[in-house]
K.L.:
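One structure coming up, written as structure tokens, with questions to follow.
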Amino acid sequence: MTALRIRTRVKICGLSTKESALHAAACGADLVGFVFVEGSPRFIDPGAAAEIMATLPPGVTSAAVIRDFDEETFYEAVQACPCEIWQPHGNETDALLAEYGGGLVKGFKFDPKTIDVKLERFAGLDAVSAILVDGSDGGTGTTFDWSQLAQALERAAFAKPVFLAGGLVPANVADAIAAVKPWAVDVSSGVESEPGVKDLAKIEAFCRAVKEADAG
């Protein structure tokens, strides 16, 4: 009997142009991400992101990265760009996450000293539907020890979907998938020619590498 293999989803994050978003979708990306964090080289105004989002083909999910938004700022962004997934990646309290509503993908930096506590915390929060574990505070292309995350997930018997991010590139994403078996892999700087500028060839190579890893 052949073992059932779960397809790894692909999220291309930090998009700022219609061309790169549509190219990501054409290459097989399941999710495209927009960064609403001012000061980031990948920042895009929610209104401009909404214009890009409107051009996406069916089946491609839009995601918004936010950091320490208060409730009012969050709802203003939602009205300007009603993304399907919201990814808070800051020091949001449990109460604020609950105010954001459900379906959140909570992003945080991997730390072997705190990972067990964070997994327990987010496993018990109804507002958090999935987590995104990064090698940094987002967008800097920093890898970490994937085996330590895999061990922590196993210890916690963590049942929610896991997005893996941090330093992923076409050359290492297969190893990352083998180590963690995440629900999705998230890439931003790993498919850029310079900070904030997506490289179409790298996007294609990354999506192809994930497909090959799943088929291997």
Side-chain angles (χ1 to χ4, degrees), residues 3-16 20-21 23-35 37 40-42 60-61 63 65 85 87 89 105-116 118-119 122 130-156 158 160-216:
L4 177 65
R5 296 187 65 85
I6 304 301
R7 183 175 68 84
T8 308
R9 276 70 173 181
V10 175
K11 176 171 175 261
I12 307 295
C13 199
L15 295 167
S16 58
S20 60
H23 183 73
C27 291
D30 302 278
L31 307 97
V32 297
F34 305 112
V35 177
V37 180
S40 167
R42 300 166 187 88
V60 178
T61 300
V65 179
I85 289 177
Q87 181 190 317
H89 204 300
V105 176
K106 181 66 183 80
F108 60 89
K109 177 183 177 180
F110 177 79
D111 183 341
K113 297 178 181 178
T114 61
I115 185 62
D116 292 316
K118 286 184 177 179
L119 291 179
F122 297 129
I131 60 170
L132 183 146
V133 187
D134 204 338
S136 67
D137 288 322
T140 61
T142 304
T143 58
F144 60 94
D145 188 339
W146 300 316
S147 66
Q148 289 187 323
L149 172 60
Q151 292 164 11
L153 292 169
E154 184 175 359
R155 284 195 303 270
F158 194 78
K160 294 181 179 181
V162 176
F163 288 62
L164 181 63
L168 298 180
V169 295
N172 70 8
V173 69
D175 291 337
I177 291 171
V180 180
K181 298 178 177 60
W183 186 85
V185 286
D186 184 303
V187 64
S188 185
S189 62
V191 291
E192 291 181 340
S193 56
E194 60 183 88
V197 180
K198 291 294 183 281
D199 184 306
L200 302 187
K202 289 182 179 180
I203 290 175
E204 183 176 357
F206 187 86
C207 292
R208 183 172 61 251
V210 174
K211 292 176 184 177
E212 291 175 352
D214 284 347

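Values below: all heavy atoms of this structure, side chains included; hydrogens, waters and symmetry mates excluded. Model, not experiment: these values are computed from the prediction. This chain uses plain numbering: 1 for the first residue, then up along the sequence.
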K.L.:
Is I131 close to L119 at the side-chain level, that is, under 4.5 Å between some pair of heavy atoms?
P.N.:
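L119 vs I131: side chains touch.
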K.L.:
Answer yes or no: is there a side-chain heavy-atom contact under 4.5 Å between L164 and F144?
P.N.:
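A side-chain contact exists here, since the closest heavy-atom pair is under 4.5 Å.
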K.L.:
Could you list the residues that satisfy side-chain hydrogen bond (donor to acceptor under 3.5 Å, both in side chains) with S16, not counting sequence neighbours?
P.N.:
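side-chain hydrogen bond (donor to acceptor under 3.5 Å, both in side chains) check on S16 returns nothing, list empty.
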K.L.:
Measure across A130 and K160 and return the closest heavy-atom pair with its distance rounded to 0.1 Å.
P.N.:
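Smallest heavy-atom distance, with atoms named: CA-CB, 4.4 Å.
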K.L.:
Do the side chains of D134 and H89 get nearer than 4.5 Å, heavy atoms only?
P.N.:
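The answer is yes; the side chains approach within 4.5 Å.
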K.L.:
List the residues meeting side-chain hydrogen bond (donor to acceptor under 3.5 Å, both in side chains) with K11, not counting sequence neighbours, and say none if there are none.
P.N.:
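K11 satisfies side-chain hydrogen bond (donor to acceptor under 3.5 Å, both in side chains) with Q87, D186 once adjacent residues are dropped.
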K.L.:
Can you name the nearest heavy-atom pair linking L15 to A21, along with the distance?
P.N.:
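Between these two residues, the closest heavy atoms are CD1-CA, 3.9 Å.
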K.L.:
Going from CH2 on W146 to CG on L168, what distance comes out if it is rounded to the nearest 0.5 angstrom?
P.N.:
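So the CH2 of W146 and the CG of L168 are separated by 6.0 Å.
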K.L.:
Using the test side-chain hydrogen bond (donor to acceptor under 3.5 Å, both in side chains), find all partners of R155 that sit at least two apart in sequence or belong to another chain.
P.N.:
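If we apply the side-chain hydrogen bond (donor to acceptor under 3.5 Å, both in side chains) test to R155, skipping adjacent residues, the hits are D116.
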K.L.:
Step by step, work out the side chain to side chain contact (heavy atoms under 4.5 Å, CB included) result for F108 and K118.
P.N.:
CA-CA 9 Å; F108 60 89; K118 286 184 177 179; 3.5 Å; yes
K.L.:
Would you say the side chain of D199 lies within less than 4.5 Å of the side chain of V191, judging by non-hydrogen atoms?
P.N.:
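No, every pair of side-chain atoms sits at 4.5 Å or beyond.
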K.L.:
Sort and list the pairs that fulfil side-chain hydrogen bond (donor to acceptor under 3.5 Å, both in side chains) and have at least one residue in residues 23-35, not counting sequence neighbours.
P.N.:
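Those involving residues 23-35 are R7-D30.
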K.L.:
Can you check whether I12's main-chain N or O pairs, donor with acceptor, with K198's side chain at less than 3.5 Å?
P.N.:
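Judged by distance alone, no pair lies under 3.5 Å.
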K.L.:
Which heavy atom in V35 sits nearest to a heavy atom in G14, and how many Å separate them?
P.N.:
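Closest heavy-atom pair between V35 and G14: CG2-CA, 3.8 Å.
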K.L.:
If you compare all heavy atoms of A24 against all heavy atoms of V32, which two are closest, and at what distance to 0.1 Å?
P.N.:
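Distance-wise, the nearest heavy atoms are CB-CG1, 4.3 Å.
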K.L.:
Provide the closest heavy-atom pair for V65 versus V37 in the form atom of the first, atom of the second, distance.
P.N.:
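Between these two residues, the closest heavy atoms are O-CG2, 3.8 Å.
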K.L.:
In residues 147-154, what donor-acceptor pairs under 3.5 Å come from side-chain atoms, sequence neighbours left out?
P.N.:
residue : atom : partner : partner atom : Å
S147    : OG   : D145    : OD1          : 2.4

K.L.:
Check whether any side-chain heavy atom of P170 lies under 4.5 Å from a side-chain heavy atom of E204, and answer yes or no.
P.N.:
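Heavy-atom side-chain distance check fails, nothing below 4.5 Å.
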K.L.:
What's the separation between atom SG in C13 and atom CG in L31, rounded to the nearest 0.5 Å?
P.N.:
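So the SG of C13 and the CG of L31 are separated by 9.5 Å.
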K.L.:
With sequence neighbours left out, what residues match N172 under side-chain hydrogen bond (donor to acceptor under 3.5 Å, both in side chains)?
P.N.:
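So N172 forms no side-chain hydrogen bond (donor to acceptor under 3.5 Å, both in side chains) with any residue.
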K.L.:
Quick one: pull up CD in E192 and CD1 in I203 and give me the separation to the nearest 0.5 Å.
P.N.:
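E192 CD to I203 CD1: 9.0 Å, rounded to 0.5 Å.
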K.L.:
Provide the closest heavy-atom pair for A29 versus C207 in the form atom of the first, atom of the second, distance.
P.N.:
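So the minimum-distance heavy-atom pair works out to N-SG, 4.1 Å.
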